[in-house]
Amino acid sequence: MSGKLEMKKDTLNRLKRIEGQVKGIQRMIENEASCKEVLIQIAAIRSAINKVGTLVFENYAQNCVNTVDDKLTLEVEELLSTLKLFIK
């Protein structure tokens, strides 16, 4: 499977999982779950959304930014590495 197709599949799977988590929170609120438990789930969703954003950003930098030489490609890779550290 190509890298681009695999990234697309991974991103869609993550978004479906997030969708399930959001529906779970809706049920928790309907069933009057504790605020603490709801907040824990919201934090998990925020983390998952950040990961999806990172994947999409990576894809953009690797496949949508026109790099004309190896030096620029290395600089994009360094930027991505730094961004991942920053987002964590």
Hydrophobic clusters here meaning ILVMFWY residues chained together by side-chain heavy-atom distances under 4.5 Å, can you tell me if [X] and [Y] are in one?
| X | Y | answer |
| --- | --- | --- |
| I40 | I45 | no |
| F57 | V52 | no |
| I49 | L12 | no |
| V22 | L15 | yes |
| M7 | V76 | no |

To the nearest 0.5 Å, what is the distance between [atom1] ([X]) and [atom2] ([Y])?
| X | Y | atom1 | atom2 | value |
| --- | --- | --- | --- | --- |
| M28 | L39 | CE | CG | 9.0 Å |
| R46 | N50 | CZ | CG | 7.5 Å |
| T11 | K16 | OG1 | NZ | 11.5 Å |
| E58 | L80 | CD | CG | 5.5 Å |

Notebook entry, point to check: L83 and T54: side chain to side chain contact (heavy atoms under 4.5 Å, CB included), yes or no, with the steps?
Noted result: CA-CA 8 Å; L83 179 67; T54 300; 5.5 Å; no
Note to self: For residues 22-43, which residue pairs pass the salt bridge (charged side-chain N to carboxylate O under 4.0 Å, His left out) check, not counting sequence neighbours?
What the structure shows: E19-K23
Notebook entry, point to check: Do the side chain of S47 and the main chain of A43 share a donor and acceptor less than 3.5 angstrom apart?
Noted result: no
Item checked: Steps toward side chain to side chain contact (heavy atoms under 4.5 Å, CB included) verdict (L55, N59) -> CA-CA 6 Å; L55 289 173; N59 180 62; over 6 Å; no
